[in-house]
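The structure appears right after this line, and notes come after that.
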Amino acid sequence: MEGTRSGLPLLAASARPRAGVLLVGCAVLVAVFGLVFARQNTADRFDHVVDSPVIAGFASHHALALWLAFPGSMFPAVVLTTALTIGCLLTGRRRGAVLAILAVPVTAVITDWLLKPLVHRTYIGQVVYPSGHTATIVALAAAVTVLLLAPPRPEMPSWLRTLILAVAYLTALAVVVGVIAVRFHYFTDTVAGAAVGVGTVCGLALVLDLIPAVRPSRIPRRSAAI
């Protein structure tokens, strides 16, 4: 059973074209936003309309806003990645374990080493495009989505699967609100960060499914002695 599960792809054949389209769409969105906001150091009109009510609403609740943003930081990301990886290994889903291990680091490389220096959009002196907090938590939510919905689905009640996904998405939304409230990011930074997280997981799943499954070698049985 373990060998069978570990050999199955992350995405069903019918889901791969949609994952490819989603990957391209995310890449286009990040690129277009990057061109529009390159070298920008103030909020544009759209960001101002969205950000101002959030900032005002949390003006006297700074600690709460920091807690909302916390799940997108490094420590919880490492804990959640470890939990996902262990869960996949215990159920024999080796591709899933690799996806869980790579999702956050690859997202961080794209966000912090490639896009932030390239676009160089700043907010109170900090380079902010795209939002690393948002990209991290959305990448984890996207990885959870793939692991819960792609074959073979974990053996759990559908309500529990729905609950886990709802918690993942609500946590991502909380991070978005938190990073805007504490003035870490503009709203459009979080949109781009979400696109990076989703696009990275889609790309990783597609690439991992191209790698042939390693099948355990079969040792021929010796014929019984006469």
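Every heavy atom of this structure was used, including side-chain atoms; hydrogens, water molecules and symmetry mates were not. This is a predicted model, so every value here is computed, not measured.
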Atom [atom1] of [X] and atom [atom2] of [Y]: how far apart are they, to the nearest 0.5 Å?
X    : Y    : atom1 : atom2 : answer
H48  : T42  : NE2   : OG1   : 11.0 Å
L204 : L99  : CG    : CG    : 6.0 Å
T85  : I101 : OG1   : CD1   : 4.5 Å
T107 : L140 : OG1   : CG    : 8.0 Å
F37  : L35  : CZ    : CG    : 11.0 Å

Between the main-chain N or O of [Y] and the side-chain N or O of [X], is there a donor-acceptor pair closer than 3.5 Å?
X    : Y    : answer
T134 : S131 : no
D209 : L10  : yes
H185 : T190 : no
D189 : Y186 : yes
R95  : I211 : yes
R183 : I55  : no
S52  : V49  : no

Q) Any chance CZ of R45 has more than 12 other-residue heavy atoms, nucleotides or ligands included, within less than 6.0 Å? A) no
Q | CE (M156) with more than 12 external heavy atoms under 6.0 Å | A | yes
Q.
Checking D44 against Q40 for the side-chain contact (heavy atoms from CB on, under 4.5 Å) test, could you report, in this order, the C-alpha distance in whole Å, the side-chain angles of both residues, the deciding distance, and whether it holds?
A. CA-CA 9 Å; D44 61 14; Q40 188 183 76; 4.0 Å; yes
Taking [Y] as the starting point, is it possible to reach [X] by hopping between hydrophobic residues whose side chains are less than 4.5 Å apart?
X    : Y    : value
L29  : V36  : yes
V201 : V98  : yes
L163 : L148 : yes
V127 : I124 : no
L149 : I164 : yes

Do you know the tightest heavy-atom contact between [X] and [Y]?
X    : Y    : answer
F70  : F75  : CZ-CD2, 4.3 Å
T136 : A77  : CG2-CB, 3.6 Å
L114 : I110 : CB-O, 3.3 Å
K116 : G132 : NZ-N, 4.1 Å
L89  : A97  : CD2-CB, 3.7 Å
L22  : C202 : CD2-SG, 3.6 Å

Q: Measure centre to centre between the rings of Y129 and F33, then say whether the value is under 6.0 Å.
A: no
Q) Is any side-chain heavy atom of P71 closer than 4.5 Å to a side-chain heavy atom of H133? A)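 With C-beta onward as the side chain, the pair stays apart.
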Q. Less than 4.5 Å apart, any side-chain heavy atom of P76 and any of V79?
A. no
**Q.** Intermediate values then yes/no, side-chain contact (heavy atoms from CB on, under 4.5 Å), L11 and L206
**A.** CA-CA 7 Å; L11 300 172; L206 290 168; 3.9 Å; yes
Q | Donor-acceptor pair between Y169 and T145 side chains, under 3.5 angstrom | A |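 Distance-only check passes for Y169 and T145.
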Q.
With no hydrogens and no angle check, just 3.5 Å: does a side-chain donor-acceptor pair link T122 and N41?
A.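 No - no donor-acceptor pair under 3.5 Å links their side chains.
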Q | salt_bridge(D47, R121) N-O dist < 4.0 Å | A | yes
Q: Evaluate the side-chain contact (heavy atoms from CB on, under 4.5 Å) criterion for residues V175 and L68: first the C-alpha distance (whole Å), next the side-chain angles of each, then the deciding distance (0.1 Å), finally the verdict.
A: CA-CA 5 Å; V175 170; L68 291 177; over 6 Å; no
(Q) What verdict does the side-chain contact (heavy atoms from CB on, under 4.5 Å) test give for L147 and C88, after you've listed the backbone C-alpha separation in whole Å, the side-chain angles of each residue and the deciding distance to 0.1 Å? (A) CA-CA 8 Å; L147 294 173; C88 288; 3.7 Å; yes
